[in-house]
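Before any comments, here is the structure.
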There are 2 protein chains.
Amino acid sequence: MIRGATFPESGSKRRLLDAAEKLFAEKGFEAVSVRDITALAKTNVAAVNYHFGSREALLGMAMMRYMIPVTQERLARLESLEKKWSGKAAPLEEIIDALVRPLVSQVKKSELSERLFYKLIGRIFAQQADDLPAPIEEQLRHVIDRFMRAFAKALPTVSHEDLIWRMHFLAGGMIHMLTHQDMLNRLTSGSSGEPSMEVTLSRFIRFATAGLREGTSIEKPTKKGPQATFDF
Amino acid sequence: MIRGATFPESGSKRRLLDAAEKLFAEKGFEAVSVRDITALAKTNVAAVNYHFGSREALLGMAMMRYMIPVTQERLARLESLEKKWSGKAAPLEEIIDALVRPLVSQVKKSELSERLFYKLIGRIFAQQADDLPAPIEEQLRHVIDRFMRAFAKALPTVSHEDLIWRMHFLAGGMIHMLTHQDMLNRLTSGSSGEPSMEVTLSRFIRFATAGLREGTSIEKPTKKGPQATFDF
DNA sequence: GTCTATAAAGTGATAGAC
DNA sequence: GTCTATCACTTTATAGAC
């Protein structure tokens with residue numbers, strides 16, 4: 001399902017991908033010019049068009065170089081999880097871990113700094129769906145579909161529609177966690193403690209597990225949420 | 001604390017703000033030129049510099065025109081909540097509602113389409129903290145501080161650091177909910193049901209309440225999350 | 001494959017007429 | 001306040017030499 005598209009291991013094409021990735025992460029996709037990229041990659045300005053055809057195509061390739069291994073690791077982790085729990089539903093925490101951890105673990109294989117890596121991922125996910133490159137959209141669709149089935153099995157009493165939305169909220173928290181760690185410190189005068197990513201990840205998994213599970217058990221006697229009018 | 005800065009109700013300055021807001025929402029902050037804005041506002045190209053001094057300053061003003069009423073409504077709702085529960089901690093659901101609902105309710109006062117309004121808010125929050133206009137950063141800091149205190153009162157057993165991170169995850173889900181409703185439908189072949197915002201909001205509040213509360217009560221016998229090694 | 005040179009269009013900002 | 005004309009750059013993309 002997920003084709004393995006190969007990427008150059010060296011040469012000017014590789015240097016262009018590296019440079020593009022770094023600059024896109026730092027400044028955002030719109031704010032980087034072909035000249036910025038070729039300057040950092042130490043090639044001539046024509047190289048981008050020669051190797052990729054256009055700036056847009058290079059942008060798509062840089063995204064794909066990330067997302068392909070992330071997608072593959074997600075699916076592999078989920079499969080190995082299902083094998084381990086053969087037939088039975090896997091624990092919710094472990095499914096969420098399989099979805100989130102690859103975004104973190106792929107960082108080690110990158111030559112970008114950790115901070116930049118997360119920014120790049122954040123920028124990819126912050127794109128509107130309709131201007132993601134088609135192959136990336138296809139991958140995300142497949143990942144969502146596979147994980148939805150796993151979640152549905154683990155939470156048989158939650159409706160399909162509820163589950164989709166909860167997974168959506170989870171995705172938002174996940175992206176925010178990766179991309180705005182620095183914002184958190186800035187906006188709270190450094191009281192977030194700057195923990196390791198492993199600690200943050202386990203905090204997130206607890207949060208998301210509780211959120212996904214909410215409403216599963218027989219309706220707790222919660223004080224029936226607001227929704228009412230305020231005297232504002 | 002939050003100064004009330006006035007914005008023009010008519011005239012070319014107002015038209016420029018309207019046009020900028022619409023285009024920034026549609027295409028993103030980097031992708032809109034002064035000429036795009038003046039064309040839509042039906043002014044000459046010099047008008048932006050005459051009225052605002054620079055493109056950047058106009059961008060900041062457009063953001064502020066949103067965020068000021070949102071911030072004011074958030075603080076007002078929280079205050080009225082605390083008055084209502086005089087002394088006692090307000091229910092978690094109601095605090096979250098006070099934080100999230102203003103982002104939705106301000107849509108009615110806007111002349112943008114609902115879809116565009118949410119996109120604009122998403123773009124503001126997707127900015128890196130260090131390139132938000134200073135007054136906006138100040139407002140966010142104040143809001144976070146006020147709501148953190150309310151959350152801490154409602155969840156006295158959760159550590160300050162845990163709470164900060166859970167609030168951070170909540171913020172991510174909130175932004176994602178507002179800005180990527182269309183993506184959800186696109187990536188799930190429309191099985192999210194396109195519910196009204198009111199329904200989505202109450203789904204989100206349930207999710208976030210559960211996530212924030214997680215771990216409050218005496219450590220549930222959860223199967224101790226993953227964190228372990230995988231055979232991948 | 002790599003490069004320079006350049007075309008063609010777009011950019012933010014401003015001077016100066018009205 | 002509004003406008004046109006224009007400056008001084010930067011942009012993507014490409015032609016054509018090596």
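So you know, we letter chains A, B, ... as the sequences are listed, proteins then strands, and number each from 1. Quantities reported herein were computed from a predicted structural model and do not represent experimental measurements.
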Sub-4.0 Å heavy-atom contacts from residues 20-29 of chain A onto DNA chain C, ordered by number = none

Name the orientation class of the two ring planes belonging to Trp165(B) and His168(B) (parallel below 30°, tilted from 30 to 60°, perpendicular beyond 60°).
-> perpendicular

Of all of residues 44-54 of chain B, which get a heavy atom below 4.0 angstrom from DNA chain D, listed by number?
-> Asn44(B), Val45(B), Ala46(B), Tyr50(B), His51(B)

Got Ile96(B) and Phe151(B) here, is their nearest side-chain heavy-atom distance under 4.5 Å?
-> yes

Using whole Å, report how far CZ of Arg15(A) lies from P of dG1(C).
-> 13 Å

Atom-pair distance (NZ on Lys42(A); P on dC3(C)), nearest Å = 12 Å

Test side chain to side chain donor-acceptor pair (under 3.5 Å) applied to Asp18(B) and Arg15(B), Lys22(B), Arg14(B), the passing residue = Arg14(B)

If you draw the axis of the six-membered ring of Tyr50(B), does the NZ or CZ of Lys13(B) fall within 45° of it and under 6.0 Å from the ring centre?
-> no

Are His160(B) and Met148(B) close enough that some pair of their side-chain heavy atoms sits under 4.5 Å apart?
-> yes

So among Arg149(A), Arg77(A), Arg146(A), which one has a side chain to side chain donor-acceptor pair (under 3.5 Å) with Glu82(A)?
-> Arg146(A)

Nucleotides 9-11 of chain C: which of its N/O atoms have a protein N/O under 3.5 Å away?
| unit_1 | atom_1 | unit_2 | atom_2 | d |
| --- | --- | --- | --- | --- |
| dT11(C) | OP1 | Ser33(B) | OG | 3.2 |

Which whole-number value in Å describes the distance from Leu16(A) CG to dG1(C) C1'?
-> 12 Å

List the steps, then state whether side-chain contact (heavy atoms from CB on, under 4.5 Å) holds for Thr71(A) with His142(A).
-> CA-CA 9 Å; Thr71(A) 298; His142(A) 184 217; 5.5 Å; no

Quick one: which of Asp182(B), Ile175(B), Val107(B) gives a side-chain contact (heavy atoms from CB on, under 4.5 Å) with Tyr118(B)?
-> Val107(B)

Which heavy atom in Met167(A) sits nearest to a heavy atom in Leu212(A), and how many Å separate them?
-> N-CD2, 3.9 Å

Side-chain N,O (Ser12(B)) to OP1/OP2 (dG1(D)) below 4.0 Å | no

Run the numbers on Glu26(B) and Arg115(B) for salt bridge (Lys or Arg N to Asp or Glu O under 4.0 Å), then give the verdict.
-> CA-CA 10 Å; Glu26(B) 263 170 2; Arg115(B) 197 190 107 263; 5.5 Å; no

